[in-house]
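Below: one structure, written as structure tokens.
Just so it is clear, the structure is predicted and the values come from calculations on it, not from any experiment.
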2 protein chains.
Amino acid sequence: MREVAALAGVSAATVSHVINGTRFVSDEVRGRVDDAIARTGYVSNVLARSLRVGTTRTIGHIVTDIENPFFAEVARAVQMDALRHGYVTMIANSDEDPAAERLCVETLIERRIDGLVIAPCGGSVNKSCFARLVEARIPTVLVNRDIRGAGMPLVTVDYRRAGYDATKILLDKGYDRIGVVAGPHAVSSTAERLSGYAHALQEREVAPDANLIFHGIGKVEDGYNAGKRLLRSASRPQALLVFNSSMMTGLLAAMNEVGLTTNDVPAVVFQGRVFDAVLPEVWSVRQPTEELGRVAFDLLLRMMRDGWSDDGGPVGGSRVSAMSRITAVRAELFDPKVPSPDGRSKEPVSGGVH
Amino acid sequence: MREVAALAGVSAATVSHVINGTRFVSDEVRGRVDDAIARTGYVSNVLARSLRVGTTRTIGHIVTDIENPFFAEVARAVQMDALRHGYVTMIANSDEDPAAERLCVETLIERRIDGLVIAPCGGSVNKSCFARLVEARIPTVLVNRDIRGAGMPLVTVDYRRAGYDATKILLDKGYDRIGVVAGPHAVSSTAERLSGYAHALQEREVAPDANLIFHGIGKVEDGYNAGKRLLRSASRPQALLVFNSSMMTGLLAAMNEVGLTTNDVPAVVFQGRVFDAVLPEVWSVRQPTEELGRVAFDLLLRMMRDGWSDDGGPVGGSRVSAMSRITAVRAELFDPKVPSPDGRSKEPVSGGVH
DNA sequence: CTGTTAGCGCGTTCAG
DNA sequence: CTGAACGCGCTAACAG
């Protein structure tokens, strides 16, 4: 910067003002400065600026598994939207492990992020670490999973309704014994989908059966194990609800082994777009990941701009005073029976282990 | 920091040395400092440190599509390995768009990254932007795709061999007319796989047919369009080589529409683990993504540590003098005919549109 | 063994 | 309309 200033025959202050447009500079001087910048290939030091200004224009984004297409899509949306607004995103993986999550949060706080979008891992193990976030006054929004008592805004899918609707699809087709390949107990999205499932059963006066529910952490092996357990039993389910596509993959491998197809055991898969176009009697529920990410970032942006009230959510004048802590988006159903280029129909359902 | 120093009754310098272990501090003083740090909740300002030290312990990672499982897996490996070594990763999406790629690179340079791992987008459009990287002396390693004349080290899969082996699987089963659902012309991994394909055909004295090759950019729609074009023609291929799993999904939708299954048209899919366990007559070639990411970061780490020679690759004493610019890893074949929990066999092939 | 000083590169008063 | 001086928080060189 000094170099540029010298070359343009002005002071460093003027260079700064030219760059930031922060006060009037005569056209002639501005010209000389711009020229010098171009000639020097000067790029202003963001570190020094951040140090001075106290803001990094960097946000953090912690997910439990970037390899999960669901989170990959959310991450992509967050990242793109952030970039459009001049923010850079640091994506980190917690791997569904509280210790790793803590490390991620610490690291990001240390890096002085301006805000955080996080899909927390199950349980409320990491209370202290979330406490540090509020203590450091770092605006934070939760995506997809709630944390009881964290007092942070949440952007999510209406999973209870999604679970309800998905179950009803199968009930309407005449299946009563519906098995579930679910995610971890402690994760709110799992709990809510199960609650919707239970509600749908109850409406039809179908007695719930705990043996029909399998909990995994969402990996391929979990689906395989679920298949081995659920399909082998004497009274095997007539149909299945599968909470993500990785587990569906494992499930299909298990079905292969015992000589079953989805004609024998129809299924509804959350975020299972890969399957619904290809396999008979398979439907999928799509969560609008792009919207989830975008909404989350926009909320964060408002919090970063307008400040942050401790009861969660952006503080503000009357304009946003009625905002609830939870923003939920709806999901859609893909029906393979009406094939189209991407194998989906327009028939909407609501919301979709993530 | 001053606060901590005051509380402990020492100077700022001592606090710094306690934190960094950069010179001997008496146990008593160290105790007082640690105590003050704990009491204050002080977290040292990485920005100021970076400004002083000239290094950010941050690396960039640019991929063409984070939603592509292949890149997600590579990114994860890079990120995890980097974290283990105290580096934070900024992941950015170029979206297969040279302009976006340029923006990513500029942004990351501005952020003063210490190094970069990049899967460049096709073509050599962005020469100038890569020039800026060498100009700024930012160690860079390419993953998965080469750039002619960039003089940067490349970590990749042996795609030529992978293409050759994948083709031979089908030839050995007696199929001569093999269609290809490929990636963009300009991408080296596509070109190399096609070269392996051509080589395998030539060995069997099968005449190549340009009408059998379809180029897409790797999306679901591309696979669908490929299916419409290749399968509808009078002389349709007996079998298919599909360059990634998204295109396979689209292809299957197209097959569905025309009433074909993979029994009619067998296929080998690159990185198609989702399919091989589930569909008959489908094999997949897996690229070792985790290894790719790890090897790339390790190489980058050496470059950041030991300096960087202009002919590409880390400079060094005799120890690494014989290192070639290209590091290639081998891929494996998954055979669904020997099902196991994750539906793979041990039969290896070598290395998948990315 | 520890304290003092100077400067990394910027943005921002305050004088002119 | 522009320049000089200060400080953001930290580390490295030097002094004791």
Ser11(B) near the nucleic acid: base, sugar-phosphate alone, or nothing, with a heavy-atom cut-off under 4.0 Å?
-> base

Give a yes/no answer on whether the side chain of Thr22(A) brings an N or O atom under 4.0 Å of OP1 or OP2 in dG11(C).
-> no

Are Asp95(A) and Arg76(B) ion-paired here, with the side-chain N under 4.0 Å from a carboxylate O?
-> yes

So what does Val15(B) touch, heavy atoms closer than 4.0 Å: a base, only the sugar-phosphate, or nothing?
-> nothing

Kindly say if Thr14(B) contacts the phosphate of dG3(C), meaning a side-chain N or O under 4.0 Å from OP1 or OP2.
-> yes

Check DNA chain C against residues 28-60 of chain B and give the residues with a non-hydrogen atom under 4.0 Å, in numerical order.
-> Val29(B), Leu51(B), Arg52(B)

Looking at every strand, decide which applies to Ser16(A) at a 4.0 Å heavy-atom threshold: base, sugar-phosphate, or nothing.
-> base

Sub-3.5 Å pairs of nitrogen or oxygen atoms, protein against nucleotides 14-16 of chain C:
none

Overall bend of the helix from dC1(C)-dG16(D) to dG16(C)-dC1(D) (five pairs an end, 10° steps) is 40°

Just say parallel, tilted or perpendicular for the rings of His85(A) and Phe297(A), cut-offs at 30° and 60°.
-> tilted

Ala13(A) or Arg2(A), whichever maps to the more 5' nucleotide of DNA chain C | Arg2(A)

Charged N-O contact under 4.0 Å between Arg145(B) and Glu96(B) | yes

Would you classify Met1(A) as touching base, sugar-phosphate or nothing, given that sugar-phosphate means primed atoms plus P, OP1 and OP2, and contacts are heavy atoms under 4.0 Å?
-> sugar-phosphate

